[in-house]
Peer 1: 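What follows is a single structure, and I will ask about it in a moment.
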Amino acid sequence: MKINSEQEMLDFGKNFKIASNIIELIGDVGAGKTTFVRGLAKGLGIDEPITSPSFTISKSYAGKSKNLVHYDFYRLNDPGIMAEDLAENIKNKDNIVVIEWSDTIKDILPKDHTIINIKYNDDNTREVELLS
Ligand code: ADP
Ligand code: MG
């Protein structure tokens, strides 16, 4: 699926039909993963601004009926205690857990989770693919 602008990515996130509470986002730096999460947050009724959790690794937001827990494991070679934190949050069915840069914690994710792949095109558009 082609996403032509930042606004379209926000709308895609907002209208995304959540099939699994665990969503893994794959794509290079600047692909639009966090932009997708900003849209998703709107769809969950979260008005707070979503910022990239690169330094804190995770950020939580309370939505209307579900919480959004947003992880970013970028350049984190050893997730340490955050791996346990992630496992705990995955267990809680009230959480929608979204993960950027999941390489080091892949074994924690349930087999049937949603995987979204985002690729740049040269013209600022993005190619979004649902891998699972
Ligand atoms: P990531 O989390 O994947 O590193 P971000 O969502 O933080 O990426 O950043 C994506 C950047 O690209 C934002 O500045 C956004 O405005 C810009 N952008 C431009 N076109 C698009 C598009 N079609 N989809 C998503 N983001 C886009
Ligand atoms: Mg990001």
Side-chain angles (χ1 to χ4, degrees):
M1 175 193 184
K2 194 166 182 177
I3 300 278
N4 291 298
S5 64
E6 176 182 31
Q7 189 58 51
E8 274 191 32
M9 186 64 88
L10 292 169
D11 292 343
F12 174 66
K14 186 175 173 188
N15 299 323
F16 190 71
K17 297 276 171 285
I18 297 173
S20 161
N21 282 1
I22 317 303
I23 302 172
E24 178 183 359
L25 299 178
I26 301 176
D28 291 336
V29 172
K33 302 182 293 299
T34 299
T35 304
F36 170 83
V37 179
R38 285 166 56 205
L40 192 73
K42 274 274 173 297
L44 292 169
I46 297 163
D47 292 327
E48 274 176 81
I50 305 298
T51 53
S52 189
S54 341
F55 295 103
T56 51
I57 304 163
S58 99
K59 283 191 180 167
S60 301
Y61 309 86
K64 287 214 160 65
S65 61
K66 298 266 185 178
N67 310 309
L68 171 66
V69 190
H70 183 197
Y71 287 89
D72 186 333
F73 291 100
Y74 185 59
R75 286 189 167 162
L76 200 72
N77 295 322
D78 178 9
I81 191 144
M82 293 313 286
E84 286 154 47
D85 180 85
L86 172 64
E88 284 293 310
N89 275 318
I90 284 174
K91 267 192 253 163
N92 185 342
K93 299 295 174 226
D94 291 332
N95 291 338
I96 304 298
V97 179
V98 184
I99 305 132
E100 300 185 36
W101 302 105
S102 59
D103 312 66
T104 54
I105 49 79
K106 271 204 189 306
D107 52 331
I108 295 172
L109 304 182
K111 289 218 159 31
D112 58 352
H113 69 279
T114 293
I115 305 177
I116 300 172
N117 192 37
I118 308 174
K119 275 195 211 140
Y120 293 121
N121 293 318
D122 290 337
D123 55 356
N124 250 344
T125 66
R126 304 291 192 267
E127 208 54 56
V128 173
E129 212 184 340
L130 200 61
L131 298 183
S132 162

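Throughout, numbering of the chain's residues begins at 1 and tracks the sequence. For clarity, every value in this text was computed on a predicted model and none was experimentally measured. Just follow the structure's listing: the first ligand is 1, and inside any ligand the first atom is 1.
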Peer 1: Would you say Tyr74 has an N, O or S atom lying under 2.8 Å from the Mg ion (ligand 2)?
Peer 2: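 For Tyr74, the answer is no, given that no N, O or S atom comes within less than 2.8 Å of the Mg ion (ligand 2).
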Peer 1: May I ask you to identify the nearest protein heavy atom to atom 20 (N) of ligand 1, giving residue, atom name and distance to one decimal place in Å?
Peer 2: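 The protein heavy atom lying closest is Asn124 O, 3.2 Å.
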Peer 1: Under 4.0 Å from atom 14 (O) of ligand 1, can you find at least one protein heavy atom?
Peer 2: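 It does not: no protein heavy atom is found less than 4.0 Å away from atom 14 (O) of ligand 1.
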Peer 1: Quick one: does any side-chain atom of Asn95 pair with a main-chain N or O of Val97 as donor and acceptor, under 3.5 Å?
Peer 2: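 No, the answer is negative, given that no donor and acceptor are paired below the 3.5 Å cut-off.
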Peer 1: Tell me, which protein residue and heavy-atom name are nearest atom 8 (O) of ligand 1, and how many Å apart are they?
Peer 2: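 So the nearest neighbour among protein heavy atoms is Gly32 N, 3.1 Å.
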Peer 1: Has ligand 1 got any nitrogen or oxygen that is less than 3.5 angstrom from a nitrogen or oxygen of Ala31?
Peer 2: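 Yes, since at least one N or O of Ala31 sits under 3.5 Å from an N or O of ligand 1.
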Peer 1: Can you tell me which N/O/S atom of Glu100 has the shortest distance to the Mg ion (ligand 2)?
Peer 2: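 Checking each N, O and S atom of Glu100, the shortest distance to the Mg ion (ligand 2) belongs to OE1.
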Peer 1: Among all the protein's non-hydrogen atoms, which is closest to atom 7 (O) of ligand 1, and how far away is it?
Peer 2: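 For this ligand atom, the closest protein heavy atom is Thr34 CB, 3.7 Å.
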Peer 1: Hey, does the side chain of Lys33 reach the backbone of Asp28 with a donor-acceptor pair shorter than 3.5 angstrom?
Peer 2: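 Between the backbone of Asp28 and the side chain of Lys33 there is a qualifying donor-acceptor contact (under 3.5 Å).
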Peer 1: Provide, to 0.1 Å, the distance between atom 18 (N) of ligand 1 and the closest protein heavy atom, together with that atom's residue and name.
Peer 2: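 Among all protein heavy atoms, the one nearest atom 18 (N) of ligand 1 is Arg126 NH2, 3.5 Å.
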Peer 1: Quick one: does Ser52 get within less than 4.0 Å of ligand 1, heavy atoms only?
Peer 2: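 No, Ser52 has no heavy atom closer than 4.0 Å to ligand 1.
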Peer 1: Does a sphere of radius 6.0 Å around CD1 in Ile81 hold more than 12 heavy atoms from other residues, nucleotides or ligands, not counting ones at 6.0 Å or beyond?
Peer 2: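 Open: at most 12 neighbouring heavy atoms sit under 6.0 Å from CD1 of Ile81.
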Peer 1: Between Asn117 (side chain only) and Glu129 (backbone N and O only), is there a donor and an acceptor less than 3.5 Å apart?
Peer 2: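 Looks like no, no N/O pair under 3.5 Å.
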Peer 1: So which heavy atom in the protein is nearest atom 4 (O) of ligand 1, and how far is it from that ligand atom?
Peer 2: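 For atom 4 (O) of ligand 1, the nearest protein heavy atom comes out as Gly30 N, 2.7 Å.
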Peer 1: Given Thr35, Asp28, Leu25, identify the one with the heavy atom nearest to atom 6 (O) of ligand 1.
Peer 2: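 The nearest heavy atom belongs to Thr35.
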Peer 1: Would you indicate which of Arg38, Glu100, Lys33, Glu6 comes nearest to atom 3 (O) of ligand 1 when only heavy atoms are counted?
Peer 2: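 Minimum heavy-atom distance to atom 3 (O) of ligand 1 goes to Lys33.
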Peer 1: Does atom NZ of Lys66 have more than 12 heavy-atom neighbours from other groups under 6.0 Å away?
Peer 2: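 Count over threshold, so yes.
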Peer 1: Closer than 4.0 angstrom: is that true for some heavy atom of Asp72 and an atom of ligand 1?
Peer 2: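 In this structure, Asp72 fails to qualify as a contact of ligand 1 - no heavy atom is under 4.0 Å.
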Peer 1: Can you say whether the rings of Phe16 and Phe12 are parallel (under 30°), tilted (30 to 60°) or perpendicular (over 60°)?
Peer 2: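 Ring orientation, 0 to 90° scale: perpendicular.
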Peer 1: How about Asp11 and Gln7: does a side-chain donor come under 3.5 Å of a side-chain acceptor?
Peer 2: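 The criterion, which ignores hydrogens and geometry beyond distance, is satisfied for Gln7 and Asp11.
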Peer 1: Which of the numbered atoms in ligand 1 are under 4.0 angstrom from any heavy atom belonging to Asn4?
Peer 2: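 Contacts of ligand 1 toward Asn4, numbered from 1: 23 (N).
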Peer 1: Against Thr125, only a single residue in Asp123, Asp122, Val128 fulfils side chain to side chain contact (heavy atoms under 4.5 Å, CB included); can you say which?
Peer 2: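 Answer after filtering Asp123, Asp122, Val128: Asp123.
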Peer 1: I need the contact type for Glu8 against ligand 1. Using non-hydrogen atoms and a strict under-4.0 Å cut-off, is it side chain, backbone, both or neither?
Peer 2: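 Under 4.0 Å from ligand 1, Glu8 contributes no heavy atoms.
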Peer 1: Taking NZ, NE, NH1 and NH2 as the nitrogens, is one of them in Glu8 or Arg126 under 4.0 Å from a carboxylate oxygen of the other?
Peer 2: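 No salt bridge links Glu8 with Arg126.
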Peer 1: For Lys106, does the NZ atom have more than 12 heavy-atom neighbours from other residues, nucleotides or ligands under 6.0 Å away?
Peer 2: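 More than 12 heavy atoms, drawn from other residues, nucleotides or ligands, come within 6.0 Å of this atom.
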Peer 1: Whether the side chain of Ser58 engages the backbone of Pro53 through a donor-acceptor N/O pair (distance < 3.5 Å, no angle test) should be reported.
Peer 2: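 Judged by distance alone, no pair lies under 3.5 Å.
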Peer 1: Out of curiosity, does Ile116 fall in the hydrophobic cluster containing Ile50 (side-chain heavy atoms, cut-off under 4.5 Å, transitive links)?
Peer 2: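 In one cluster: yes.
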Peer 1: Classify the contact between Ile118 and ligand 1 as side chain, backbone, both or neither, using a heavy-atom distance cut-off of under 4.0 Å.
Peer 2: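 No part of Ile118 is near ligand 1 at this cut-off.
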Peer 1: Which bit of Met9 gets closer than 4.0 Å to ligand 1, counting heavy atoms only: side chain, backbone, both or neither?
Peer 2: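 For Met9, only side-chain atoms sit under 4.0 Å from ligand 1.
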Peer 1: Taking 4.0 angstrom as the limit and counting only heavy atoms of Val29, give me the atoms of ligand 1 inside it, by number and element.
Peer 2: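 Every atom of ligand 1 under 4.0 Å from some heavy atom of Val29: 4 (O).
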Peer 1: Contact between Gly27 and ligand 1, counting heavy atoms under 4.0 Å?
Peer 2: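 Judged by the 4.0 Å heavy-atom criterion, Gly27 does not count as contacting ligand 1.
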